[in-house]
Amino acid sequence: MDLAYRILDGVSRAYNKLLLMPSLRSSFASCGENVTLGRRSEISGAGNIYMGHDVYLGPGTTLLTSRAKIRIGNYVMSGPNLTVVTGDHRTDILDRPMMKLTDEEKTPDNDKDVVIGNDVWMGCGVTILKGVHISNHCVIAAGAVVTKDVEPEYSIWGGGSRSLPRFAA
């Protein structure tokens, strides 16, 4: 059984590295060198995603965008299950279900760019929502749901709490 698992795991890794990743990289709006997405990642709107150099996004990463852009800087890494979503649904049209509304019916406020600066580390299970800008050299703690800009540089954020200094003076 152990041998069968190792063989299937090796086939899955080879497929991801040799076929899936090169195809995905070419579909991004731009993609730097040494970009890796972990296995079981989900990408929607690849033409609106900009990747810097030396980016590692862990297994199970989900990047969802339709009209807004996702910009990821250089030297960015995440643990497993990172989620980045650039939009939401209209809630002001009451005579139809939200899931029946089309992308064209969205307002500009429904979709906003997400920008992740350089040298950012995002822990396991981080969710980043529309309109968020993460400053350079920041750390986002595991499980955090980021709904507001992360600043200043060199800060640590977690669980919606205020930032903590990364380096004591």
Side-chain angles (χ1 to χ4, degrees), residues 21 24-93 98 101 103-169:
M21 280 306 302
L24 189 56
R25 280 189 207 109
S26 67
S27 66
F28 288 145
S30 72
C31 186
E33 297 293 321
N34 197 27
V35 171
T36 303
L37 269 74
R39 292 188 295 167
R40 299 175 313 280
S41 292
E42 179 182 349
I43 308 297
S44 175
N48 288 329
I49 298 174
Y50 299 77
M51 293 272 191
H53 299 292
D54 298 300
V55 174
Y56 174 82
L57 303 179
T61 291
T62 302
L63 304 176
L64 302 177
T65 182
S66 56
R67 294 185 298 178
K69 303 197 178 354
I70 297 174
R71 297 181 187 279
I72 298 175
N74 300 316
Y75 306 105
V76 172
M77 62 182 173
S78 80
N81 302 314
L82 168 70
T83 301
V84 180
V85 181
T86 65
D88 59 19
H89 300 281
R90 289 188 69 169
T91 58
D92 60 335
I93 298 177
M98 286 182 280
L101 299 174
D103 195 45
E104 290 74 34
E105 293 176 283
K106 287 185 172 186
T107 65
D109 195 47
N110 293 130
D111 289 293
K112 293 184 177 177
D113 294 352
V114 169
V115 178
I116 299 170
N118 298 316
D119 186 31
V120 171
W121 173 26
M122 297 161 287
C124 174
V126 169
T127 300
I128 301 171
L129 299 179
K130 72 172 184 169
V132 168
H133 292 189
I134 298 176
S135 298
N136 296 331
H137 315 292
C138 287
V139 175
I140 311 297
V145 177
V146 185
T147 61
K148 298 178 183 170
D149 290 353
V150 174
E151 51 188 14
E153 292 186 352
Y154 296 100
S155 58
I156 300 173
W157 285 67
S161 63
R162 66 185 205 98
S163 73
L164 305 169
R166 188 163 165 191
F167 301 107

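No hydrogens, no waters, no symmetry mates; every other heavy atom, side chains included, goes into these values.
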Trainee: Within a radius of less than 6.0 Å around CD of Glu153, do more than 12 heavy atoms belonging to other residues, nucleotides or ligands occur?
Mentor: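 Yes, the 6.0 Å shell around CD holds more than 12 heavy atoms from other groups.
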
Trainee: For the pair Ser78 and Val126, evaluate side chain to side chain contact (heavy atoms under 4.5 Å, CB included) and give the outcome as yes or no after the intermediate values.
Mentor: CA-CA 8 Å; Ser78 80; Val126 169; over 6 Å; no

Trainee: Out of curiosity, Tyr56 OH to Leu82 CG, how far, rounded to the nearest 0.5 Å?
Mentor: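 Answer for the OH-CG pair, Tyr56 versus Leu82, is 11.0 Å.
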
Trainee: Is Asn48 reaching over with its side chain to a backbone N or O of Ser66, donor-acceptor style, under 3.5 angstrom?
Mentor: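 Yes; judged by distance alone, with no hydrogens or angles, the pair exists.
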
Trainee: Working to the nearest 0.5 angstrom, can you tell me the gap between Ile116 CD1 and Met122 CE?
Mentor: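 Going from CD1 on Ile116 over to CE on Met122, the span is 4.0 Å.
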
Trainee: Roughly how far, to the nearest 0.5 Å, is the CG atom of Leu63 from the OG atom of Ser41?
Mentor: 7.5 Å

Trainee: If you measure only the distance, is there a donor-acceptor pair under 3.5 Å linking the side chains of Asp149 and His133?
Mentor: no

Trainee: Hey, what do you get for NZ (Lys106) to NE2 (His89), rounding to the nearest 0.5 Å?
Mentor: 6.5 Å

Trainee: Identify the residue among Val120, Val55, Val35 that makes a side chain to side chain contact (heavy atoms under 4.5 Å, CB included) with Ile72.
Mentor: Val55

Trainee: Within the side chain of Ser155, is there an N or O that forms a donor-acceptor pair under 3.5 Å with the backbone of Cys138?
Mentor: no

Trainee: Please examine the side chains of Met51 and Leu57, heavy atoms only from C-beta on, and report whether any two atoms are closer than 4.5 Å.
Mentor: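 Contact flag for Leu57/Met51 side chains = yes.
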
Trainee: Mind checking the CD1-OG1 spacing from Ile140 to Thr127? Nearest 0.5 Å is all I need.
Mentor: 11.5 Å

Trainee: Quick check for you: to the nearest 0.5 Å, what is the distance between Asp92 atom CG and Asn110 atom CG?
Mentor: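 The distance works out to 7.5 Å.
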
Trainee: What closest approach, in Å, do Gly47 and Ala29 show between heavy atoms, and which atom pair accounts for it?
Mentor: O-CB, 3.2 Å

Trainee: For residues Asp119 and Asn136, is any side-chain donor paired with an opposing acceptor at under 3.5 Å?
Mentor: no

Trainee: When you measure from the side chain of Arg67 to the backbone N and O of Asp111, does any donor-acceptor pair fall under 3.5 Å?
Mentor: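 No; judged by distance alone, with no hydrogens or angles, the pair does not exist.
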
Trainee: Using side chain to side chain contact (heavy atoms under 4.5 Å, CB included), reason through Tyr75 and Asn118 one step at a time and then give a plain yes or no.
Mentor: CA-CA 6 Å; Tyr75 306 105; Asn118 298 316; 5.6 Å; no

Trainee: Quick one: list whatever passes salt bridge (Lys or Arg N to Asp or Glu O under 4.0 Å) with Lys69, sequence neighbours left out.
Mentor: none

Trainee: For the residue pair Ile128 and Ile70, establish whether any side-chain heavy-atom pair is separated by less than 4.5 Å.
Mentor: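 A side-chain contact under 4.5 Å is absent here.
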
Trainee: Taking side chain as C-beta onward, heavy atoms only, is Val145 less than 4.5 Å from Leu129?
Mentor: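 Answer yes - side chains close enough.
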
Trainee: By the salt bridge (charged side-chain N to carboxylate O under 4.0 Å, His left out) test, which pairs, at least two apart or in different chains, include something from residues 126-146?
Mentor: Asp88-Lys130

Trainee: Treating Ser135 as the side-chain partner and Val150 as the backbone partner, does any N or O pair qualify as donor plus acceptor under 3.5 Å?
Mentor: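 Such a contact is found between Ser135 side chain and Val150 backbone.
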
